[in-house]
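This report refers to the structure that appears directly beneath it.
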Amino acid sequence: MAARRSKRPRPRTVDVATAVVSTGFGLTVGLAFTATSRHQLSAPGGVALFLGNLTGMAGTYLLLVMVLLISRIPFVERVLGQDGLLRWHRKVAPWTITLIVAHVIFLTIGYAQSARSGVFHEFATLVGTFPDMAVATAGFGITVVLGLLSIHSVRRRLRREVWWALHLLMYLALSLAFAHEVVLGPSFVGHGLTRDIWSACWAGAAGLVLTYRIGLPVFRSARHRLVIDEVRSEAPGVFSIILKGRNLERLEVSGGQFFEWRFLARKFWWQAHPFSISTRPNPPYLRLTIKQVGDFTSALAELPVGTRVGLEGPYGAFTSYAARSQRIALIAGGIGVTAILSLLEDLPRSSRPVVVFRVSSEDQLVFHDEIVNLVKQRGGRLHEIVGTREEFPVERLSALVDDLAKREAFVAGPEQFVQHVTAHLRNIGVPNEKIHAEVYSL
Ligand SMILES: Cc1cc2nc3c(=O)[nH]c(=O)nc-3n(C[C@H](O)[C@H](O)[C@H](O)COP(=O)(O)OP(=O)(O)OC[C@H]3O[C@@H](n4cnc5c(N)ncnc54)[C@H](O)[C@@H]3O)c2cc1C
């Protein structure tokens, strides 16, 4: 029996989720207003204390939203894709950190004004005297340091694994933020019901993270019990891993999607890497195809047959569900062919797609026969381009595919390739909603 496709994305559900989250933000800000009386506002330091509470409530609410964005809730992920969710996570982050920094500054000024002392002296007193403030300061420190490390130019210099391990500290910062807020926050002290609802929201977010980032992957990995069945060379520096597993007909995945793979061998098990399926599952087999670009991908080729493999996903909105029209162009740069190839399998026989596959040298034209067959079955055309960017500038795509501007485009591959192609598509008038991209780095 063939494997099933993933469920159809339902953008409406994301609209509803957005409305719920926005209402929650409004209510949270509202809580800060109801927690302060006119009398408190007019007292020395009252305005600063109010602003401190307001920015604290808004900042921690946005922290919660950031957690939800990376919890990979399937019905949201199917619409926005993991890259879309990460984009939002990164967009919200500067606002969150700014609000939390403002919270600390306003509160310190407020307490200093009410105690008629200096700001630095007051900060030292707060942290040194009240244990809950020390807890809060630790959480604040972690948040700020991780925020700085996440700035693109800084993050680029860190090894991805180091950055990821440090990022896990954010869960500690979140626990500390929550702990001090419910004990000291004016919106919660003496307001049992509000505190319970707030706590339930945080517990719900923690539950979603545990379910979707740990529970579901463990369940799926146990259900399918994947092992490496074969490692097959496809081209210099490119190889396929054929996995064999159980119940793969129950694994819902669409062409173009990817999993985070965890190879359960010494030195490998602790990191998960994303790889697209390079063909739809053919139970009991599943294939991924990997280009050796760094230490992890280079070492993978040496893993012995029989190695257990865990999976998290499927992820990605780069599927045929995203297509709004019948005229489609699939454009792959190098190893981006994996997503394009499995996506091609999902296109109907009547689709007449144009497939463009760009590589830097002829020996990288992997899966030639497979692509030719699939394209032929669908009455389409295949263009294989060999050469560097200088030898084949992206502008020449329009000459190659005369109706490119009228087609809906799916582009996959390395970041620079995808950026150049999508920029060209926009230049020739393809609307944004008809350009779908899968960049092979997150
Ligand atoms: C959605 C998606 C689908 C992909 N599909 C394929 C595929 O089918 N075949 C294939 O060969 N490659 C694919 N990749 C790229 C692949 O994940 C990276 O090449 C690989 O993780 C590099 O690991 P490395 O340690 O060998 O190289 P490194 O030198 O450590 O990394 C090279 C680059 O890969 C990216 N990268 C590294 N680790 C990760 C990670 N854990 N998560 C996300 N990005 C990472 C970074 O941008 C880094 O700059 C895909 C990437 C994404 C995001």
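Counting convention: from 1, in listed order, for ligands and their atoms alike.
- In this structure, the protein non-hydrogen atom closest to atom 20 (C) of ligand 1 is His273 ND1, 3.6 Å.
- Less than 4.0 angstrom separates some heavy atom of Phe296 from each of these atoms of ligand 1: 24 (P), 25 (O), 26 (O).
- The ring-ring contact (aromatic ring centres under 6.0 Å, His included) test with His273 singles out one residue from Trp261, Phe268, Phe296, and that residue is Phe296.
- The pair Glu433-Arg324 does not meet the salt-bridge criterion, since no charged nitrogen lies less than 4.0 angstrom from a carboxylate oxygen.
- Residues meeting the ring-ring contact (aromatic ring centres under 6.0 Å, His included) test with Phe25, sequence neighbours left out: Tyr61.
- Of the protein's non-hydrogen atoms, the one nearest atom 34 (O) of ligand 1 is Tyr440 O, 4.6 Å.
- Closer than 4.0 Å to atom 29 (O) of ligand 1 lies at least one heavy atom of the protein.
- In this structure, Phe263 has its ring center no closer than 6.0 Å to that of Trp269.
- The aromatic ring centroids of His436 and Phe410 lie less than 6.0 Å from each other.
- In this structure, Val439 counts as a contact residue of ligand 1, since one of its heavy atoms falls inside 4.0 Å of the ligand.
- Ring-centre distance between Phe258 and Phe275: not below the 6.0 Å cut-off.
- At the top of the distance list for atom 37 (C) of ligand 1, counting protein heavy atoms only, stands Arg160 CD, 3.5 Å.
- Of the listed options Val238, Ile290, Ile277, Thr289, Thr289 places a heavy atom closest to atom 9 (N) of ligand 1.
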Check against salt bridge (charged side-chain N to carboxylate O under 4.0 Å, His left out), Asp402 and Arg407 = CA-CA 10 Å; Asp402 49 1; Arg407 286 186 176 262; over 6 Å; no
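- By the 6.0 Å contact criterion, CD on Glu230 is enclosed, its count of non-hydrogen atoms from other residues, nucleotides or ligands being greater than 12.
- For His167, the ring-ring contact (aromatic ring centres under 6.0 Å, His included) partners at least two apart in sequence or on another chain are Trp163.
- Arg5 and Glu249 are not joined by a salt bridge, as no carboxylate oxygen comes within less than 4.0 angstrom of a charged side-chain nitrogen.
- For atom 12 (N) of ligand 1, the closest heavy atom belonging to the protein is Phe275 CD2, 3.5 Å.
- Of all protein heavy atoms, the one lying nearest to atom 16 (C) of ligand 1 is Pro274 O, 3.5 Å.
- Of all the atoms in ligand 1, the ones that sit under 4.0 Å from a non-hydrogen atom of Thr338 are 7 (C), 8 (O).
- Near Gly294, meaning under 4.0 Å from any of its heavy atoms, are these atoms of ligand 1: 24 (P), 26 (O), 27 (O), 29 (O).
- Among protein heavy atoms, atom 26 (O) of ligand 1 sits closest to Thr297 OG1, 2.5 Å.
- For ligand 1, the atoms closer than 4.0 angstrom to any heavy atom of Val293 are 19 (O), 22 (C), 27 (O).
- Less than 4.0 angstrom separates some heavy atom of Asp295 from each of these atoms of ligand 1: 25 (O), 26 (O).
- Separating the CD atom in Glu312 from the CZ atom in Arg220 is a distance of 10.0 Å, to the nearest 0.5 Å.
- Geometrically, Arg72 engages Tyr315 in a cation-pi contact defined by less than 6.0 Å to the ring centre and at most 45° from the axis.
- Remark: ligand 1 and Ser298 share no N or O pair separated by less than 3.5 Å (distance only, no angle test).
- At a distance under 4.0 Å, no protein heavy atom can be found next to atom 48 (C) of ligand 1.
- Counting heavy atoms under 4.0 Å from ligand 1, residue Ala272 touches it through the backbone alone.
- Residue-level proximity to ligand 1 for Ile335 is carried by the side chain, the only part with a heavy atom below 4.0 angstrom.
- Within the 4.0 Å heavy-atom criterion, neither part of Asp83 lies near ligand 1.
- Among all protein heavy atoms, the one lying closest to atom 35 (C) of ligand 1 is Ser441 CB, 4.1 Å.
- Heavy atoms of Phe258 found under 4.0 angstrom from ligand 1 belong exclusively to the side chain.
- Looking from atom 3 (C) of ligand 1 to the surrounding protein, the closest heavy atom is Ser276 OG, 3.5 Å.
- Within a 6.0 Å radius of CZ in Arg352, no more than 12 heavy atoms belonging to other residues, nucleotides or ligands are found.
- Here the two rings, on His383 and Phe357, have centers that are 6.0 Å apart or farther.
- Atoms of ligand 1 lying under 4.0 Å from at least one heavy atom of Lys291, given by number and element, are 10 (C), 11 (O).
- Contact annotation: Leu288 has no heavy atom less than 4.0 Å from any atom of ligand 1.
- Checking atom 18 (C) of ligand 1 against the protein gives no heavy-atom contact under 4.0 Å.
- Electrostatic pairing of Asp295 and Arg159 counts as a salt bridge here, judged by a charged N lying under 4.0 Å from a carboxylate O.
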